[in-house]
There are 2 protein chains.
Amino acid sequence: MRLTTKGRYAVTAVLDLALHSQEKPVNLSDISERQAISLSYLEQLFSKLRKNNIVKSIRGPGGGYLLNSPKDEISVAHIINAVNESIELSRCDGRANCHDGKQCLTHNLWVDLSLRINEFLDNISIGELIRQNERQAVQSARSMVDAISVTTV
Amino acid sequence: MRLTTKGRYAVTAVLDLALHSQEKPVNLSDISERQAISLSYLEQLFSKLRKNNIVKSIRGPGGGYLLNSPKDEISVAHIINAVNESIELSRCDGRANCHDGKQCLTHNLWVDLSLRINEFLDNISIGELIRQNERQAVQSARSMVDAISVTTV
DNA sequence: GCTTTACTTGACTATTTTACTTGGTTATTA
DNA sequence: TAATAACCAAGTAAAATAGTCAAGTAAAGC
């Protein structure tokens, strides 16, 4: 599991897609404009997302991309791993390098941690992310209203 | 929060330090050899770790590095953020770019997620990582013993 | 106090990844 | 058949990563 700006771009783009595609496909030009990501870079990212069955495409005029599954079934981990190709070069995989055991221990510790991070991000779906944000927005709007009513009363 | 091989190197090195420094300082050459990380790269990483009060150094012969706090008070997030400088270029910070609100929404969603990842990694300490691994080792040893005793009885 | 050891610092370089560009081709619809 | 938008491939600039080198400085021990 790697977490770089590339992953952020991908998650942001999928979030944009989830927010804008009500049955109608969304084309990359629109996402490019809204999220300020270059069109061709988006094409590369979406090519990987499509190959990983996260989105599906419709060609031709009026075409674009759609989520391939319900929002709640698309995890952040899935998106990030899709664009990162995740060839996770885990050094001592069986042979070599791990001569004295101690090195293998630290390596194992890292693998454990890596698994835990992956598991964590696998439990956060696009749908959940959006809902949580909506709740927060409602809450802050409410407290804003409260604040106003307090100051005006 | 960014999670790259650089962060892995740093966490691995601190784990190695935690495992090997029983009151005595550990020098970077030893870590370099054990973890197969170049000495000069370790120097750069430890310079940042020291500035962030994660480790302390002792100069001169017999010198090296020690953890600056108990194992349980050093979080994985702390280590990763220390070496990554975390200048997290969060695009629309107030001004610019965020014209239509929608873009800001996706941006906020990412920031939320980022905070959650950070919080998650902040709750995993070096000490906890090591202990968990020990438990696993004991368990697998136990189940191995069980398996053997079953097959031999 | 001098020498040795070993950390410290900074500048410099190679490699890899990221982000983007260009220039196309192919499928679909109006 | 003209316009649209996905698809594809090669190349490129900039940034991050990983490592090198050389000149320091602090501490230990003789």
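Chain letters run A, B, ... following the sequence lines, proteins first and then strands; every chain starts at 1. Treat the numbers as computed from the prediction; the structure is a model and nothing was measured. Quick note: numbers below take in every heavy atom, side chains included, and nothing from hydrogens, waters or symmetry partners.
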Checking all strands, does [X] fall into the base, sugar-phosphate, or nothing category for heavy-atom contacts under 4.0 angstrom?
X     : result
A/F46 : nothing
A/T4  : sugar-phosphate
A/L28 : sugar-phosphate

For [X] and [N], what is the distance between atoms [atom1] and [atom2] respectively, to the nearest whole Å?
X     : N     : atom1 : atom2 : result
A/K48 : D/dA6 : NZ    : P     : 18 Å
A/L45 : D/dC7 : CG    : P     : 13 Å
A/L39 : D/dA6 : CG    : P     : 8 Å
B/E33 : C/dA6 : CD    : P     : 13 Å

According to a strict under-4.0 Å criterion, is [X] in side-chain N/O contact with OP1 or OP2 of [N]?
X     : N      : value
A/Y41 : C/dC20 : no
A/R2  : C/dT16 : no
A/N27 : D/dA5  : yes

Heteroatom pairs (N/O) under 3.5 angstrom, protein to nucleotides 10-12 of chain D:
none

Single-linkage hydrophobic cluster, 4.5 Å side-chain cutoff, [X] and [Y] together:
X      : Y     : answer
A/L19  : A/I79 : yes
B/F120 : B/V11 : yes
A/V55  : A/I58 : no
B/I130 : B/L67 : yes

Pair B/N81-B/N118, side-chain donor/acceptor within less than 3.5 Å: yes
No-hydrogen, no-angle side-chain donor-acceptor test under 3.5 Å, B/N108 and A/N133: no
From the options [options], select the nucleotide whose nearest atom is closest to the side chain of [X].
X     : options               : result
A/Y9  : D/dT17, D/dC7, C/dC20 : C/dC20
B/S57 : C/dT18, C/dC7, D/dC8  : C/dC7
B/I37 : D/dG19, C/dT9, C/dT18 : D/dG19
B/S38 : C/dT9, D/dT17, D/dG19 : D/dG19

Protein-to-nucleotide contact annotation, 5' to 3' order, nucleotides 22-30 of chain C [B base; S sugar-phosphate only; - none; under 4.0 Å, heavy atom]: ----BBBB-
